[in-house]
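Below you'll find the structure, written out as structure tokens, and then a few comments.
Here is the naming used below: chain letters follow the sequence lines, and residue numbers restart at 1 for every chain. All values reported here derive from a predicted model rather than from experimental measurement.
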Amino acid sequence: MKKDFDLVIIGAGPAGMSAAIQASKFDMKTLVLDDQLAVGGQVYRHIMQNSNKKKDLSFLDGDYWSGHNLADKFLCSSIQFLPESRVWQITKNKEVFFTQKGKAHCVQAKSILIATGAMERPMPVKGWTLPGVMTVGGAQILLKTACSGADGAVFAGSGPLFYLTIQQYLRAGFEIKAVIDTRPKKMSLVAYIWAFPSLLQLRLLLKGIRWHSEIRKKLFYFSDVKSVRIIGKDVAESLCFTDAEGREQRISANHIFIHQGVIPNINLTMATELKHRWCRRQLCWKPKIDMFGESSIEGIFVVGDSMGIWGAEAAVFSGKIAIQRIAEKAKRSVAIKTLISCLYRWRQLAIRPFLDYLFKPPEDWLVPEDDTAIICRCESLSKTDISNAIKLGVSGPNQLKSFCRAGMGRCQGRLCGLTIQKMIANHHGQSEEKIGYYRLRPPIRPLTVFELATLSNDDSTAEK
Amino acid sequence: MMIPRRRNKVIVIGGGIHGCATAYFLAKRGQIVSIIERDHIARHASGVNAGGVRSLGRDLAEIPLSLASMDIWNNLHDEIGSYAKAFHPSFYLKVAIDEEGYAFGSARAEELERAGYNHEIWLESSDVQSRLPKLTTPTYGGFLVEGDGWAIPWQIVRGFAQGARQHGAEIIEQCNVFSLELKQNCWRLKTEKGFFEADYIVNCAGAWAAELAFQSGEPRMPLAAYAPMLAVTERKPPILPAVIGVLGHTLSLKQIDTGQFVIGGGVRAAANLGENSGEVVLPELVKSMRLVAKLFSDIAYAQIIRCWSGIEGYMPDNLPIIGHGKQPGLIHGFGFSAHGFQLGPAVGKALADLVMDQQPRIPLDAFRPDRF
Ligand SMILES: Cc1cc2nc3c(=O)[nH]c(=O)nc-3n(C[C@H](O)[C@H](O)[C@H](O)COP(=O)(O)OP(=O)(O)OC[C@H]3O[C@@H](n4cnc5c(N)ncnc54)[C@H](O)[C@@H]3O)c2cc1C
């Protein structure tokens, strides 16, 4: 028999952990699955392992360590947690399929909480595939998990995580060669308008301003940069760009970290055929959810950054709210408490629109200027390859797949989907929303023939 | 007043392999043809199928059609030019790995002999092993057809569409046909892009065809829609020179030119005709995966990177509908029950014959629309 759970939570980041803690208070039989070795998600990656070397890791600040409390509560609660569990399909009947340690399992849930977080926006600038180029998020993970970094690195891009990681890099004692900031100097009018509500989160705002001014003062810093390209034969050798005065610049570097913000990780929500909408402000797809996080399929909730980018604090809240909602639905009541939590959450969201407008990714990071830039990494397709296929008369990303195999590799379009959608939209002069995204299908993570073969109906006892 | 936008002699509904091949042969013979397709050419079963070009294991009634089709496949360049490169002939081997499979094979061998067919050859187990050196399970032998193979399906369909266009056919995509009716010997189609008229209609609307026919005044035909599923793995070094099936099991396995394995063979999920989408329920493929892992342990550790399904129309006897409808000028070609891709070229020719009132070279009696 399949094992039954009241609740299955996918992802043990801030949203998933806080949801699980809440669920244990309601005595829900809960299973939490996470791909990683341990709890924490992206923000609090390695939090438990790091907690006893706090002194050596002074580059991590209070916001990071606040995750320790959450993780501790989570691990002490009564819920079942299975790390290294890769979920590859959720069905409409709320069966959750995953592999753990080479074996496939299936569990049946009454409710499902998807808290799979965000991923970094793909950045198909010229040379982004060269060895030596990494995302800023990737560089940060190395710092958090292994305290490792590279001296003489160049950071290029923009966004909150961009500044945060540079800060951490500095404090960890690594030498940074240059910071190439693509944010335009002039703030747009909408950004000015949204600056007012962001005052509600003054602490974060001030923190950001402080980071920025420190970076400007301490580092070799270029602002308002355009046309970033990474040059190199077999590995990254240098970074070229146009500076604010319109001069061509070239900085040699073997380690280049790039970043243009994060977007919800939609492969699971899309493959589960939840309804999605295009968010023009954050330039990404988001699952359609109600104020409690419930998606277009009853009983499937999406919380944290996988429902839209709101940050860790808001994620903690959204996890809690969703569980309160599930508990109330079971009792067929709506408690004032949940509504108040929802209201309170708005405070946590106040700064987001401002950040979104401030750090809007520049056009040339969405679709590269250079025709030879690689767009589909799995199939090694350049911008020219894609443009040629589009010219054959392609109406959307799915048709493009068969014309040139874009998006058919192992990443399932994670790294080319948005670029291709935009290129087709530009070609037809239509909105990206109209053009649509790849039709995503399970498995959302690769699994071997053998792993799938091990799935059986009568056994689902995964190893703890 | 409704003013007809155009007047066509023949309208083919559906831009799948059957619609496109029919339009091609009609246009080649000088007819005025339009294809009307709701989505884009090869969007459904014909573009996303497993690409198996298989004459092996066909129902006896289907063998003449399948062999006639093979003749066209073998000279495909003459019809669709460089698109024919998408066809990769090799051999098809359907092995017996258990007693039931062997019994099934023996019965089939007798049946074929009685009917006088000799295109399927029985191989002894040692011959199977030498043809498939990487096989990791003993067999009781198997059927072989030399020259069967696989193709990249959407390219073949595009080839026929392009050929039809070159002979003057018109292809209208993104155009749903809402209804059709016969008025004073003339067919009138109501579509997303206005009204069309034609003397002949060829109904190649795949899984949607029976509903369209019924609504036009034909008797109800028992067509059911399902979504057969396929899985494809990452790229691996070449180990599999042929397309593989297993007697008594639903499996088809091949390694395509990219090195990827394509695993399928008739396991089907639910289809939603209203939304034109098929489901993918991976766990249904567990049995196929066990079989693959047993047959070739090399493939067991290949990662499955993608699964998909396509919507197909099935008839209760798993044989297609090919023939004149009850109403004059209406000709049906659908219900291929998950093995219609290979038949496409010959069906196209046969449907063109029917439109032009010529006797098809192949007996179509088993496929009569009124057989139920
Ligand atoms: C996953 C899968 C694997 C398969 N593997 C093989 C294989 O290996 N070998 C093999 O021989 N066969 C295989 N088949 C079967 C084969 O693909 C089909 O039998 C064949 O493609 C059917 O072609 P068709 O043209 O009849 O239908 P379709 O390709 O479905 O075309 C019908 C077209 O009609 C259009 N249409 C429908 N209604 C309307 C309307 N009202 N107005 C306008 N247009 C309309 C649809 O949009 C569609 O494009 C497989 C099928 C599937 C799904």
Side-chain angles (χ1 to χ4, degrees), chain A residues 2 86-93 95-99 102 104-107 267 270-273 275 378-380 392-396 398-405 407-414 438-457 460, chain B residues 39-43 47-48 86 152-155 157-158 162 171 173-174 227 229-236 253 258 260-261 263 269-270 272 275-309:
Chain A
K2 261 184 303 201
R86 224 187 258 172
V87 174
W88 40 265
Q89 173 159 27
I90 296 176
T91 63
K92 291 195 177 100
N93 309 330
E95 293 153 305
V96 179
F97 292 91
F98 61 99
T99 29
H105 302 278
C106 171
V107 292
N267 281 53
M270 277 208 173
T272 310
E273 294 184 56
K275 292 213 168 70
C378 303
E379 298 288 330
S380 283
L392 289 175
V394 161
S395 55
N398 294 308
Q399 200 181 5
L400 188 82
K401 271 198 214 168
S402 41
F403 279 36
C404 66
R405 300 187 56 83
M408 286 172 81
R410 42 182 310 138
C411 90
Q412 298 237 358
R414 275 182 183 80
Y438 288 129
R439 196 177 316 113
L440 296 178
R441 290 297 179 70
I444 61 132
R445 307 295 301 276
L447 81 160
T448 65
V449 167
F450 186 75
E451 281 170 342
L452 184 50
T454 61
L455 181 73
S456 58
N457 272 337
S460 65
Chain B
D39 218 301
H40 56 256
I41 292 296
R43 160 67 184 87
V48 303
I152 303 170
W154 68 273
Q155 286 190 6
V157 183
R158 252 178 90 81
Q162 197 54 32
I171 297 177
E173 292 174 289
Q174 317 288 345
M229 293 184 287
L230 293 171
V232 64
T233 71
E234 63 189 324
R235 295 165 194 240
K236 287 283 177 185
L253 168 68
T258 54
Q260 295 173 292
F261 296 100
I263 304 167
N272 184 336
E275 286 177 19
N276 304 334
S277 71
E279 282 190 13
V280 169
V281 189
L282 230 59
E284 300 284 322
L285 289 171
V286 168
K287 277 199 190 123
S288 313
M289 296 305 155
R290 288 192 187 143
L291 213 49
V292 170
K294 185 171 166 185
L295 287 171
F296 298 94
S297 60
D298 281 357
I299 309 179
Y301 295 95
Q303 286 192 323
I304 300 166
I305 59 170
R306 207 154 37 82
C307 285
W308 70 95
S309 66

Exercise for the section: For F403(A), look at atom CZ and say whether over 12 heavy atoms of other residues, nucleotides or ligands are found less than 6.0 Å away. Expected result: yes

Practice task
Return the minimal non-hydrogen interatomic distance between A453(A) and R290(B), and the atom names on each side.
Solution key: O-NE, 2.8 Å

Practice task
Report yes if some heavy atom in the side chain of R306(B) is under 4.5 Å from a heavy atom in the side chain of Q412(A); otherwise report no.
Solution key: yes

Handout entry: Within-4.5 Å side-chain heavy-atom neighbours: T258(B) and R405(A)
Key = yes

Handout entry: W308(B) versus chain A, the contacting section by heavy-atom distance below 4.5 Å
Key = both

Problem - Gap separating the CG atom of L452(A) from the CD1 atom of I304(B), nearest 0.5 angstrom - result: 4.5 Å

Problem - Nearest non-hydrogen partners of A300(B) and T448(A), listed with the distance - result: O-CB, 3.6 Å

Problem - More than 12 heavy atoms from other groups under 6.0 Å of NZ on K236(B) - result: yes

Problem - Side chain Q399(A), main chain H40(B), donor-acceptor under 3.5 Å - result: no

Problem - C307(B) and P442(A), any side-chain heavy atoms less than 4.5 Å apart - result: no

Fill in the blank from the handout: Comparing E451(A), R410(A), R445(A) against chain B, the one with the most heavy-atom pairs below 4.5 Å turns out to be R410(A)

Problem - Top contributor to chain A interface from I152(B), V48(B), L282(B), D39(B) [non-hydrogen pairs under 4.5 Å] - result: L282(B)

Exercise for the section: Taking E273(A) for its side chain and E279(B) for its backbone only, find out whether a donor-acceptor pair lies under 3.5 Å. Expected result: no

Completion exercise
One should read off an interatomic distance between C378(A) SG and R235(B) CZ, to the nearest 0.5 angstrom, of 9.5 Å

Completion exercise
Assert top hit (heavy-atom pairs under 4.5 Å, partner chain A, pool E234(B), E173(B), R158(B)) equals R158(B)

Problem - Residue part contacting chain A, namely of Q155(B), when any heavy atom lies under 4.5 Å - result: neither

Fill in the blank from the handout: dist M289(B):CE -> L447(A):CG (nearest 0.5 Å) comes out at 8.0 Å

Problem - M408(A) to I305(B) - nearest heavy-atom pair and separation - result: O-CD1, 3.7 Å

Fill in the blank from the handout: Applying a strict 4.5 Å limit to non-hydrogen atoms, the region of S402(A) in contact with chain B is both

Problem - Contact winner vs chain A - T233(B), V280(B), V292(B), V232(B), heavy-atom pairs under 4.5 Å - result: V280(B)

Fill in the blank from the handout: What one should report as the nearest heavy-atom pair of Q303(B) and P446(A) is OE1-CB, 3.7 Å

Exercise for the section: Select one option (side chain, backbone, both, neither) describing which atoms of I263(B) are under 4.5 Å from chain A's heavy atoms. Expected result: side chain

